[in-house]
Number of protein chains: 2
Amino acid sequence: MARAASSARPTRNQRAKTEAILEAALDVFSTQGFRGATLDAIAEAAGLSKPNLLYYFASKEEVYTRLLDRLLEAWLEPLRRLDAAGEPLAEIRAYIRRKLEMARDYPRESRLFANEVLQGAPRIRETLAGPLRALVDEKAALIRDWSRAGRIARVDPHHLIFSIWAVTQHYADFDAQVRAVLGRDDPARFQDAERFLVHLYTGGLAPTPLAGD
Amino acid sequence: MARAASSARPTRNQRAKTEAILEAALDVFSTQGFRGATLDAIAEAAGLSKPNLLYYFASKEEVYTRLLDRLLEAWLEPLRRLDAAGEPLAEIRAYIRRKLEMARDYPRESRLFANEVLQGAPRIRETLAGPLRALVDEKAALIRDWSRAGRIARVDPHHLIFSIWAVTQHYADFDAQVRAVLGRDDPARFQDAERFLVHLYTGGLAPTPLAGD
DNA sequence: GTCGACTTTGACCGTTCGGTCATAAAGCAC
DNA sequence: GTGCTTTATGACCGAACGGTCAAAGTCGAC
């Protein structure tokens with residue numbers, strides 16, 4: 001029989017094929033969503049027939065969840081690297097840069113995630129409420145400590161994190177809008193965004209609130 | 001014959017029915033996307049049969065585009081109200097508040113828009129590159145003038161606008177994630193978000209950059 | 001060459017999709 | 001009531017969907 005998700009060590013060729021399928025599926029799922037995507041479209045993009053695709057994956061659902069699992073693993077990494085030993089403002093700036101790089105280099109992954117959450121996150125709710133929440137709470141506590149120590153302004157740590165997610169992923173998820181507004185293709189948009197965001201957060205989180213106004 | 005989008009003045013009953021359909025369609029399209037939504041689902045949610053729905057709308061496409069047209073009209077309004085005569089920082093804060101209110105009161109509309117843009121904005125690309133871009137450019141010029149006059153910090157006006165869109169719509173589009181991270185239902189999340197964002201932008205855009213650091 | 005495991009495919013199945021149509025109610029003017 | 005328009009529906013259509021299956025092709029081990 002075939003490889004019913006049990007073969008201990010997949011062949012080099014098996015790896016290559018499943019990789020091609022996941023690559024194609026990322027294209028399709030990230031723009032069409034789960035329901036909007038079709039196995040035919042994925043198979044064609046991967047360069048094989050639909051039954052052949054189903055030889056490597058049991059179902060459409062399995063392709064999708066495999067993609068999500070991978071994604072979530074990598075998704076938390078930038079926040080995880082927020083270092084308690086570092087200088088607070090520099091740490092936050094570095095976090096913004098990492099997230100912005102991910103939006104630039106992995107926009108399809110960002111859109112896949114956005115699609116899933118937009119639909120109410122039916123397949124990843126447990127992950128969000130479990131590991132993600134735990135990580136966010138941990139880092140929020142760290143930020144709160146920085147606040148209380150007067151090393152950054154006193155702000156709500158959770159909403160600070162949300163805002164960084166929002167402004168960085170925006171450049172991947174709303175790429176079509178950004179392009180339309182800035183003109184067909186502004187190659188400097190990520191650089192300009194980084195400069196703006198670093199300024200915004202540096203000023204907005206500075207430990208000494210300004211006197212005037 | 002029926003009302004082939006020609007009847008000059010629709011009956012009260014016609015208005016009510018089309019309204020019920022659009023209301024139901026907003027529910028379904030905003031969570032499932034265009035391809036994921038089905039006419040059966042919309043018809044059932046609206047409380048009528050599929051053929052009856054198609055008596056009021058010519059096609060699935062027409063329901064969707066009608067919804068989008070409405071949305072886009074209202075979508076630009078908050079930015080349009082950014083007033084050149086006002087005090088710059090107060091104007092930007094007011095803009096943030098208006099956008100946050102829209103995310104709170106019209107989350108489905110925000111998600112519908114997000115879905116469309118995620119898919120590459122195939123149906124609203126012209127609107128984005130036309131009226132939206134024109135409005136953004138106009139307001140960006142205003143903000144740039146404020147910058148040059150030293151009334152706010154020198155920042156990229158386009159990316160400032162993008163960031164406000166991102167952080168406000170995030171609370172509608174990623175509601176499932178926000179809820180999961182904050183705990184089942186945090187009724188104060190919009191208040192807390194507003195406080196944080198006002199602080200962030202007030203500090204980040206303050207005309208006098210801080211001396212230290 | 002031949003054997004067996006792995007891989008690929010065309011044909012097919014049941015379901016669901018968007019949409020049509022003939023027909024039947026329902027409402028209303030007279 | 002009669003007649004006309006508006007509204008509603010069950011039955012149906014062709015296409016596309018996710019998925020199955022038997023059969024054929026491919027490949028290395030011996």
Side-chain angles (χ1 to χ4, degrees), chain A residues 1-22 24-25 27-29 31-68 115 119 122-123, chain B residues 1-29 31-68 115 119 122-123:
Chain A
M1 186 138 301
R3 54 173 298 274
S6 63
S7 50
R9 207 149 28 113
T11 311
R12 184 198 321 275
N13 213 306
Q14 283 172 345
R15 268 232 164 276
K17 281 283 165 64
T18 58
E19 208 52 47
I21 292 169
L22 288 173
D27 264 343
V28 179
F29 280 129
T31 56
Q32 308 281 357
F34 180 74
R35 291 210 50 182
T38 71
L39 285 180
D40 286 290
I42 298 171
E44 195 192 357
L48 31 72
S49 64
K50 182 171 63 172
N52 199 11
L53 186 157
L54 287 165
Y55 170 75
Y56 291 97
F57 290 86
S59 66
K60 179 183 179 181
E61 184 84 30
E62 194 189 298
V63 180
Y64 186 70
T65 53
R66 183 85 67 91
L67 226 38
L68 272 184
N115 247 311
Q119 283 155 29
R123 282 161 247 262
Chain B
M1 186 144 296
R3 53 173 300 272
S6 63
S7 51
R9 204 147 31 112
T11 311
R12 185 198 319 273
N13 213 307
Q14 284 172 344
R15 268 233 163 276
K17 280 284 164 65
T18 57
E19 208 52 47
I21 292 170
L22 288 173
E23 168 71 19
L26 181 56
D27 264 343
V28 178
F29 279 129
T31 56
Q32 307 282 355
F34 179 75
R35 291 209 50 184
T38 72
L39 285 180
D40 287 290
I42 297 171
E44 195 193 357
L48 34 74
S49 65
K50 182 172 65 174
N52 199 10
L53 186 158
L54 287 165
Y55 170 74
Y56 290 97
F57 290 87
S59 66
K60 178 182 179 182
E61 185 84 28
E62 193 189 299
V63 180
Y64 186 72
T65 52
R66 183 85 66 90
L67 226 38
L68 271 184
N115 247 312
Q119 283 155 30
R123 282 162 248 262

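To find a chain, count down the sequence lines: A is the first, B the second, and so on, and within it residues start at 1. Heavy atoms only: backbone and side chains are in, while hydrogens, waters and symmetry mates are out.
Residues forming a side chain to side chain contact (heavy atoms under 4.5 Å, CB included) with E44(A) (at least two apart in sequence, or on another chain): none.
Side-chain atoms of K60(B) come within 3.5 Å of backbone atoms of A37(B) as a donor-acceptor pair (strictly under, hydrogens ignored).
Side-chain atoms of T31(B) and N115(B), non-hydrogen and from C-beta on, never get closer than 4.5 Å to each other. You'll find the side chain of R123(B) reaches within 4.5 Å of the side chain of F34(B), heavy atoms only. Side-chain contact between F57(A) and T18(A): present, with at least one pair of heavy atoms (C-beta onward) separated by less than 4.5 Å.
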List, with names and distances, any nitrogen or oxygen atoms from the protein found under 3.5 Å away from nitrogen or oxygen atoms belonging to nucleotides 22-30 of chain C.
none

Sort me out a list of protein N/O and nucleotides 18-21 of chain C N/O pairs below 3.5 Å, or just none if empty.
from    : atom 1 : to     : atom 2 : distance (Å)
dG18(C) : OP1    : A37(B) : O      : 3.1
dG18(C) : OP1    : L39(B) : N      : 3.4
dG18(C) : OP1    : K60(B) : NZ     : 3.0
dG18(C) : OP2    : L39(B) : N      : 2.9
dG18(C) : N7     : K50(B) : NZ     : 2.9
dG19(C) : OP2    : K60(B) : N      : 2.7
dG19(C) : O6     : K50(B) : NZ     : 3.2

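L48(A) has its CG atom 19 Å from the P atom of dC6(C), to the nearest Å. Atoms CD (Q14(B)) and P (dT5(D)) sit 15 Å apart, rounded to a whole Å. If you take OH of Y64(A) and C1' of dG18(D), they are 17 Å apart, rounded to a whole angstrom. In this entry the distance linking CD of Q32(A) with C1' of dC17(D) reads 14 Å, nearest Å. For the pair L53(A) CG and dG10(C) P, the interatomic distance rounds to 15 Å; values are reported in whole Å.
Dashed line: the shortest gap from a side-chain N or O of S49(A) to OP1 or OP2 of dT9(C) is under 4.0 Å. Close to dA8(D), at under 4.0 Å from its OP1 or OP2, lies a side-chain N or O of Y56(B). At dT7(C), one or more side-chain N or O atoms of Y55(A) fall inside 4.0 Å of OP1 or OP2 (strictly under the cut-off). Of the side-chain N and O atoms in N52(A), none sit less than 4.0 angstrom from OP1 or OP2 of dT7(C).
Below 30°, between 30° and 60°, or above 60°: for F29(A) and Y64(A) the angle between ring planes is above 60°, a perpendicular geometry.
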**OP:** Applying side-chain contact (heavy atoms from CB on, under 4.5 Å), run through R35(B) and T38(A) and close with a yes or a no.
**Re:** CA-CA 10 Å; R35(B) 291 209 50 184; T38(A) 71; 3.7 Å; yes
**OP:** Decide yes or no on side-chain contact (heavy atoms from CB on, under 4.5 Å) for D27(B) and I42(B), but give the supporting numbers first.
**Re:** CA-CA 8 Å; D27(B) 264 343; I42(B) 297 171; over 6 Å; no
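Between the OH atom in Y56(A) and the CG atom in L48(A) there is a gap of 7.5 Å [rounded to 0.5 Å].
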